[in-house]
Student: 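Take a look at the following structure, please.
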Amino acid sequence: MEKYNHQEIEAKWHKKWDEEKLYQVGEDKSRPKYYVLDMFPYPSGAGLHVGHPKGYIATDILARMKMMGGFNVLHPMGWDAFGLPAENFALKNKVHPATQTAKNVVTYKSQLQKIGLTYDWDREINTTDPEYYKWTQWAFIKMWEKGLAYESTAPIIWCPSCQTGLAMEDLEEGRCERCGSEIERKPMKQWVIKITAYADRLLNDLDKLSGWEDSIKEMQKNWIGRSEGAEINFSLVCHPERSGAEPRDPLKVFTTRPDTLFGVTYVVLAPEHEIIKNEKLIIKNKKEVDQYINEAKKKSDLQRTDLNKDKTGVKLEGVMAVNPANGEEVPVFIADYVLPNYGTGAIMAVPAHDERDFEFARKYDLPIKTVVSSFCHPERSDSEVKDLKIADPSRGAQDDKGGGDVFCDDGVNINSDFLNGLKTAEAKKKMIEWLEKEGKGKMKVNYKLNDWVFSRQRYWGEPIPFVHCAKCGTVPVAEKDLPVRLPEVEHYEPTGTGESPLANISDWVNTTCPKCGGQAKRETNTMPQWAGSSWYYLRYIDPKNSQALVDKEKEKYWSPVDFYVGGAEHATRHLIYARFWHKFLFDIGAVNYDEPFTRLQHVGLIIGEDGRKMSKRWGNVINPDDIIEKFGADAMRVYEMFMGPFGASCAWSTNGLTGARKFLDHVWAISESIEQRTENSGKEISSLLHKTIKKISEDIAEFKLNTCVSAMMILTNEIEKKTHPVSRGSNYRYPPRLAELGTPPAEGNSHPSQEGISREDFAKFIQILAPFAPHLAEEIWQEKLGNQASVFKSVWPKFDPELIKDETINLIVQINGKLRATISVPAEISQNEAINSARENDNVKKWLVGKEISKIIFVPGKLLNIVLK
RNA sequence: GGUCCGGUGGCGGAACUGGCAGACGCGUUGGACUUAAAAUCCAAUUCCAUUAAACCGGAGUGAGGGUUCGAUUCCCUCCCGGACCACCA
């Protein structure tokens, strides 16, 4: 018997598949399309570890199955190659980022090719290719034309170590996601994309995405962070003794709890708030206030948002805020717990019903006024609430500073004039109506989502295609002049002045204005890494198009992506940016659909055998090349799918891998005796085969790939048992006492049993195995089973519903819900027949002796439960 | 603190819509083969009690309660773990 030589087989089929261009995607539009996509990798210098290809293997299985299902399948791969790591590596090693990136791509590609993936490499894309980023730049100019890209000088987040501005999305616990440095706020001229203009659509259209996992939709929802409330017009007066006198400065605050307006006891501004700079505002302790503002400026965001930290603030002496609801004057503070970039940068403080305000009020000895009572909890019925108009305030915050608790839930209003007795939802509504009627405020929706800071002061990114002309202002580069290529530089170190390294290349910077032809300077900032990845899936459809981002007819056929697989860490960055970018392209008529990804599945990490994340630092990295050499790509593919649920993270186990390899060895062994196959499969095998076909067809669609593998293992075990009853069981010593009780199995049966699998049925098994272990399956399909064409050109087998029906079943017999027997009965058995059969069972008899039956539960084909009195 | 997800043998995990818990794989133990080892093959493997061996029996899916003839699955309370967000008013 020949041994399963994975190295030979895999090399052989890689070559053949390549020669016959098996994976080349055609434009045959008569067939239905299927677009299955992996999040393309950033080709880092470290190369792939075994965790990276997990998602690629899964999409490959889906792609191969769909190929066999008659679909025209697009399964492409490319490189998200701009970004800081390449640049940082370049700085350290004095290699141009482009050189290093090209090198990494070669490594990645060779590693991927060994796994036997169905990528059509003719469609390979690279975000750093000028022919690619031309269209990234083009889209950006279109956004500018629509007013969605603008320049801003608002303070942005700045990483002092990477020396670049960042977007909110690039932070992790208040630190730079790349290098872990504490970040600062720095006022700088920046390009910003008005993604907030799409906030509502990005949120509402999540409902359309039924093929997305709820967890990821939830993350996006939280990230967009829509909250409904009111903008309320307070005003500032400068001398308390002259209350009501002019001048008054209007001050808008945002709140989600307009129902608590009567409970306001002070007002807080963010230290950055514009109104403080107003000369007319007479602040008696201006020195102290300015000092606080300066300190706040110096603090890093991390220090400022540290949750354990005490809240600090300074009272604006001599300034009072007027509550528009009751004309009451309350003190005004500045405090850095109020964020400048959310809402209006000012809040009305209701310490009785907001934890942060409560904490602050306790610290600075401010009054706490209860206006919502918890006593009438919203769970109580309306009638009860009416009876309890003045409710027990004892569970709300207390006026005296000794005790009391803050109460932030919904309740019923008290001490609130015209809101008294109303439940929170009603009170909110009524207050907003009143404010609008009086012109003292309005209903307002706010989002946590911020506009997308789009400038990076680094070298290795797409140049922003604009020039600054003294006469014409900011002018886009003409479309015919795109792409604006990234120039060669000698030094790509950050300048440290907040300018991009590109600013030093005067040849490149100095240009002419596309509008007036006069002298102008190029924009020297580059785009963030997320730019190129926001639309790459469209480029695979039409990778060589020089006239358009994508041909709209081709896009109509291939879009949207049917199945998208990648890490959950991209739920709130890449996936929001891509949805936004896509919707924008849809709005300008460049694409046909308004959502890019029909179905989204996240991949769980593979962690190291020691339970830690695979990393050089822990020395627990496993290179797929080594595994493939030793055990084969097919064994690695099968194992990675078998490890656990696809979305769960799981620790690598080389022992576990050997189980997958053994399974393939068994398949090989069965194929070696193919000539001894029986004409027809045994009944049990053929039934099991068809059940397996059904299960795998269904489970692949649901991405339950681990149970697919186990189903195939079960089938393989069964085939071996039935085919060679002797080799399986000849050494089994039948317990002597059992032998007395029943018939021992026949011994010495050395011929292949008639119960085994036929050649034809074995071929069907090979077909369903093929997506998982393509090399082995192809070898058996062509070399052993004598097929002329690839197994991937064969038609996916259908299960026969007749064959999966069981004639006899094991009926569960329960007595009082406890299992007492399982009896073998015809599948179609009726309730009465089932009861009669059950009564014949010795154990059932025993339990029924002297007992009266009160109830019978019968689930046809499954179970009989006899309930006794 | 918020939102979401999860908790099943020694380990990874399976279980349709509420219906035999522990499939499949790893590991372990015993056996066959071998001069021996590896590999391979066969068998056992939730726990407790019982037994020469077994049947039979009891407990059991983080803890406690509930709904139900019946709960890993549904509901409530709590504990633990993970992911994401986090002073967003």
Side-chain angles (χ1 to χ4, degrees), chain A residues 173-174 213-223 225 227 229 253-257 260 268 304-307 309 311 335-339 341-344 346-350 353-357 359-360 408 446-450 568-569 571-572 602 604 639 642-645 647-660 662-663 665 669 695 698 704 706-707 709-714 716-717 720 724 727-733 735-738 741 810-822 842-843 846 854-857 859 862-868:
Chain A
E173 291 176 357
E213 290 166 279
D214 288 340
S215 59
I216 290 184
K217 284 199 269 189
E218 204 56 41
M219 279 187 222
Q220 292 215 347
K221 237 177 239 179
N222 289 343
W223 189 265
S227 45
V253 302
F254 175 72
T255 179
T256 54
R257 291 295 299 270
T260 61
V268 192
R304 204 170 142 167
T305 58
D306 183 359
L307 296 179
K309 143 192 115 104
K311 291 191 171 38
D336 62 10
Y337 81 89
V338 174
L339 302 175
N341 52 354
Y342 182 80
T344 62
I347 60 156
M348 59 181 225
V350 187
H353 307 292
D354 180 281
E355 285 191 37
R356 295 150 302 183
D357 298 343
E359 197 190 311
F360 192 80
C408 306
N446 257 324
Y447 299 95
K448 287 191 208 174
L449 184 73
N450 286 305
E569 69 273 19
T572 50
H602 83 272
Y639 172 61
F642 183 60
M643 289 174 89
S649 62
C650 206
W652 176 267
S653 152
T654 302
N655 267 333
L657 173 72
T658 61
K662 281 185 205 165
F663 160 63
D665 282 333
K695 182 167 178 61
E698 289 167 0
K704 287 158 70 175
N706 53 334
T707 52
V709 175
S710 90
M712 288 190 285
M713 286 172 168
I714 292 169
T716 306
N717 289 347
E720 285 202 320
H724 298 291
S727 75
R728 287 231 168 183
S730 59
N731 300 314
Y732 176 62
R733 297 265 147 82
R737 281 280 286 274
L738 253 189
L741 295 167
N810 288 326
L811 188 78
I812 299 151
V813 182
Q814 296 183 333
I815 291 168
N816 287 338
K818 290 224 186 262
L819 176 76
R820 295 304 175 193
T822 56
D842 287 344
N843 206 35
K846 200 175 88 189
S854 76
K855 198 173 175 182
I856 299 276
I857 309 279
V859 184
K862 253 185 196 148
L863 143 150
L864 177 73
N865 186 10
I866 301 170
V867 186
L868 302 177

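What you see below is based on every heavy atom in this structure, not just the backbone, and it leaves out hydrogens, waters and symmetry mates.
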Student: Under the salt bridge (charged side-chain N to carboxylate O under 4.0 Å, His left out) test, which residues partner A:Glu698, sequence neighbours left out?
Tutor: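 In terms of salt bridge (charged side-chain N to carboxylate O under 4.0 Å, His left out), with neighbours along the sequence ignored, A:Glu698 is linked to A:Lys694.
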
Student: Looking at the side chain of A:Lys855, which of B:C20, B:C69, B:C85 is the nearest nucleotide?
Tutor: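 Out of B:C20, B:C69, B:C85, the nucleotide with an atom closest to A:Lys855's side chain is B:C69.
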
Student: Which whole number of Å gives the distance between the C1' atom of B:C69 and that of B:U51?
Tutor: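 That atom pair is separated by 34 Å.
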
Student: Return the set of residues passing ring-ring contact (aromatic ring centres under 6.0 Å, His included) with A:Phe254 (not counting sequence neighbours), or none when no residue passes.
Tutor: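 For A:Phe254 there are no ring-ring contact (aromatic ring centres under 6.0 Å, His included) partners, ignoring immediate neighbours.
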
Student: Of the candidate nucleotides B:G27, B:A89, B:C20, which contains the atom at the shortest distance from the side chain of A:Phe254?
Tutor: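 Looking only at heavy atoms from C-beta outward on A:Phe254, the closest nucleotide is B:A89.
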
Student: With the side chain of A:Met219 defined as its heavy atoms from C-beta on, choose the nearest nucleotide among B:C87, B:U40, B:A83.
Tutor: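 Nearest listed nucleotide: B:A83.
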
Student: Taking 4.0 Å as the cut-off, does a side-chain nitrogen or oxygen of A:Asn655 come that near to OP1 or OP2 on B:G27?
Tutor: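 For B:G27, OP1 or OP2 has a side-chain N or O of A:Asn655 closer than 4.0 Å.
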
Student: Taking only the side-chain heavy atoms of A:Thr822 (C-beta and beyond), determine which of B:G70, B:C20, B:C26 contains the nearest atom.
Tutor: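 The nucleotide sitting nearest to the side chain is B:C20.
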
Student: So which nucleotide from B:A59, B:C69, B:A89 ends up closest to the side chain of A:Ile347?
Tutor: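 Selected nucleotide (nearest to the side chain): B:A89.
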
Student: Are A:Lys311 and A:Phe360 in a cation-pi contact, defined as NZ or CZ under 6.0 Å from the six-membered ring centre and within 45° of the axis?
Tutor: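 Ring-cation test returns no.
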
Student: Grab the CE-P distance between A:Met348 and B:C87 for me, whole Å please.
Tutor: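 That distance rounds to 20 Å.
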
Student: Between B:G13 and B:G19, how far apart are the C1' atoms? Round to whole Å, please.
Tutor: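 Pairwise C1' distance, B:G19 against B:G13, rounds to 22 Å.
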
Student: When we call it a touch if two heavy atoms are under 4.0 Å apart, what does A:Lys818 touch: a base, just sugar-phosphate, or nothing?
Tutor: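 Since only primed, P, OP1 and OP2 atoms lie under 4.0 Å of A:Lys818, the category is sugar-phosphate.
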
Student: Please table the atom pairs, donor to acceptor, closer than 3.5 Å between any side-chain atom in residues 811-818 of chain A and protein atoms at least two apart or in another chain.
Tutor:
residue  : atom : partner  : partner atom : Å
A:Asn816 : OD1  : A:Leu868 : N            : 2.8

Student: Determine the interatomic distance between C1' on B:A39 and the same-named atom on B:C20; round to the nearest Å.
Tutor: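 Pairwise C1' distance, B:A39 against B:C20, rounds to 37 Å.
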
Student: Distance between the C1' atoms of B:U46 and B:U29, in whole angstroms?
Tutor: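 After rounding to an integer number of Å, I get 16 Å for this pair.
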
Student: Provide, to the nearest angstrom, the distance between the NZ atom belonging to A:Lys662 and the C1' atom belonging to B:G25.
Tutor: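 Distance check: A:Lys662 NZ to B:G25 C1' gives 9 Å.
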
Student: Nearest whole angstrom, please: distance from the P of B:C41 to the CG of A:Asn717.
Tutor: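 After rounding, the gap between these two atoms is 10 Å.
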
Student: Need one value for A:Glu218: base, sugar-phosphate or nothing, where a base atom within 4.0 Å counts as base even if backbone is also close, heavy atoms only.
Tutor: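 Counting heavy atoms under 4.0 Å across all strands, the contact made by A:Glu218 is with sugar-phosphate only.
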
Student: Could one point to a donor on the side chain of A:Gln814 or the base of B:G19 with an acceptor on the other under 3.5 Å away?
Tutor: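 Under the 3.5 Å cut-off, the side chain and the base do form a donor-acceptor pair.
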
Student: May I ask you to evaluate whether A:Tyr639 reaches the phosphate of B:G25, defined as a side-chain N or O under 4.0 Å from OP1 or OP2?
Tutor: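 No, no such contact exists.
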
Student: So which nucleotide from B:G25, B:A89, B:G19 ends up closest to the side chain of A:Thr255?
Tutor: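 For the A:Thr255 side chain, the nearest candidate turns out to be B:A89.
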
Student: When the distance from CG of A:Leu819 to P of B:G60 is rounded to whole Å, what number comes out?
Tutor: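 So the CG-P distance, A:Leu819 to B:G60, works out to 15 Å.
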
Student: For B:G22, is chi within 90° of 0 (syn) or not (anti)?
Tutor: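 For B:G22, whose glycosidic angle is more than 90° from 0, the conformation is anti.
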
Student: With A:Arg820, which residues qualify under side chain to side chain donor-acceptor pair (under 3.5 Å), at least two apart?
Tutor: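 Result, side chain to side chain donor-acceptor pair (under 3.5 Å) vs A:Arg820: none returned.
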
Student: If you measure from the C1' atom in B:C16 to the same atom in B:G12, how many Å do you get, rounded?
Tutor: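 The same atom, C1', in both gives a distance of 23 Å.
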
Student: For the pair made of CZ in A:Phe360 and P in B:A89, what is the distance, rounded to whole Å?
Tutor: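 Computing the A:Phe360:CZ to B:A89:P distance gives 19 Å.
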
Student: Atom CD of A:Gln220 and atom C1' of B:U3: how far apart are they, to the nearest Å?
Tutor: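 Answer to the nearest Å: 14 Å.
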
Student: Take atom CD1 of A:Ile866 and atom C1' of B:G70, then tell me their distance rounded to the nearest Å.
Tutor: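 Those two atoms, CD1 and C1', are 14 Å apart.
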
Student: Reckon A:Val350 touches a base, only the sugar-phosphate, or nothing at all at heavy-atom distances under 4.0 Å?
Tutor: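 No contact.
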
Student: Would you please test A:Cys408 and A:His353 for side-chain contact (heavy atoms from CB on, under 4.5 Å) and show each step?
Tutor: CA-CA 5 Å; A:Cys408 306; A:His353 307 292; 5.6 Å; no

Student: Taking the side chain of A:Asn222 as its heavy atoms from C-beta onward, which of B:G25, B:G27, B:U3 lies nearest to it?
Tutor: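 Nearest nucleotide to the side chain: B:U3.
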
Student: What's the gap between B:G65 and B:G60 when it is taken at their P atoms, as a whole Å value?
Tutor: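 After rounding to an integer number of Å, I get 11 Å for this pair.
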
Student: From the options B:G57, B:G19, B:C85, select the nucleotide whose nearest atom is closest to the side chain of A:Arg820.
Tutor: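 Side chain of A:Arg820 sits closest to B:G57.
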
Student: Between A:Lys846 and A:Ser215, which residue's closest nucleotide on RNA chain B lies nearer the 5′ terminus?
Tutor: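 Looking at RNA chain B, the more 5' nearest nucleotide goes with A:Ser215.
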
Student: With a 4.5 Å limit on heavy-atom distance, are the side chains of A:Lys695 and A:Thr707 in contact?
Tutor: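 In short, these two side chains touch, coming nearer than 4.5 Å.
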
Student: With a 4.0 Å cut-off on heavy atoms, is A:Ser227 in touch with a base, just the backbone sugar-phosphate, or nothing at all?
Tutor: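 Sugar-phosphate only.
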
Student: Within the structure shown, what part of the strands sits under 4.0 Å from A:Asp357 by heavy-atom distance: base, sugar-phosphate, or nothing?
Tutor: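 Nothing, no heavy atom under 4.0 Å.
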
Student: Apply side-chain contact (heavy atoms from CB on, under 4.5 Å) to residues A:Glu359 and A:Tyr337 and explain how you reach the verdict.
Tutor: CA-CA 11 Å; A:Glu359 197 190 311; A:Tyr337 81 89; over 6 Å; no

Student: Please evaluate the base of B:C87 for a donor-acceptor partner in the side chain of A:Lys311 within a cut-off of under 3.5 Å?
Tutor: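 Checked by distance alone, the answer is yes.
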
Student: May I ask you to say what A:Ile812 touches in the nucleic acid, namely base, sugar-phosphate or nothing, with a heavy-atom cut-off under 4.0 Å?
Tutor: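 Touches a base.
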
Student: Take the protein atom NZ of A:Lys221 and the nucleotide atom P of B:C4, then report the distance between them rounded to whole Å.
Tutor: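 Answer to the nearest Å: 10 Å.
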
Student: Which residue, A:Leu449 or A:Gly817, contacts RNA chain B at a nucleotide closer to its 5' end, judged by nearest heavy atom?
Tutor: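 Looking at RNA chain B, the more 5' nearest nucleotide goes with A:Gly817.
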
Student: What string of B, S and - do you get for nucleotides 9-15 of chain B, 5' to 3', when a contact is any protein heavy atom under 4.0 Å?
Tutor: ---BSSS

Student: Counting C-beta onward and ignoring hydrogens, is there a side-chain heavy-atom pair between A:Tyr639 and A:Trp652 closer than 4.5 Å?
Tutor: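 In short, these two side chains touch, coming nearer than 4.5 Å.
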
Student: Distance between the P atoms of B:G9 and B:C41, in whole angstroms?
Tutor: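 My reading of the P atoms in B:G9 and B:C41 gives 29 Å.
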
Student: Mind checking which stems touch RNA chain B? I mean at least 3 consecutive Watson-Crick or G-U pairs, both distances under 3.5 Å.
Tutor: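 RNA chain B forms these stems: B:1-7 with B:79-85, B:10-12 with B:24-26, B:27-32 with B:40-45, B:46-48 with B:57-59, B:62-66 with B:74-78.
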
Student: So what does A:Asn865 touch, heavy atoms closer than 4.0 Å: a base, only the sugar-phosphate, or nothing?
Tutor: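 Result for A:Asn865 = base.
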
Student: Would you say that A:Ser227 contacts A:Tyr342 through its side chain, given a criterion of any heavy-atom pair below 4.5 Å between the two side chains?
Tutor: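 When only atoms from C-beta onward are counted, A:Tyr342 and A:Ser227 do touch, with a gap below 4.5 Å.
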
Student: If every non-hydrogen atom of A:Ile347 is compared with every non-hydrogen atom of A:Val253, which pair is closest and at what distance?
Tutor: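 In terms of heavy atoms, the two residues are closest at C-CG1, 3.8 Å.
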
Student: Give a yes or no on whether the backbone of A:Val867 and the side-chain of A:Ser854 come within a donor-acceptor separation of less than 3.5 Å.
Tutor: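 Yes, the answer is positive, given that a donor and an acceptor are paired below the 3.5 Å cut-off.
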
Student: Ring centres of A:Trp223 and A:Tyr447 under 6.0 Å apart?
Tutor: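 So the answer is no for these two rings.
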
Student: How far does the P atom of B:G22 sit from the matching atom of B:A15, given to the nearest Å?
Tutor: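 It works out to 13 Å between them.
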
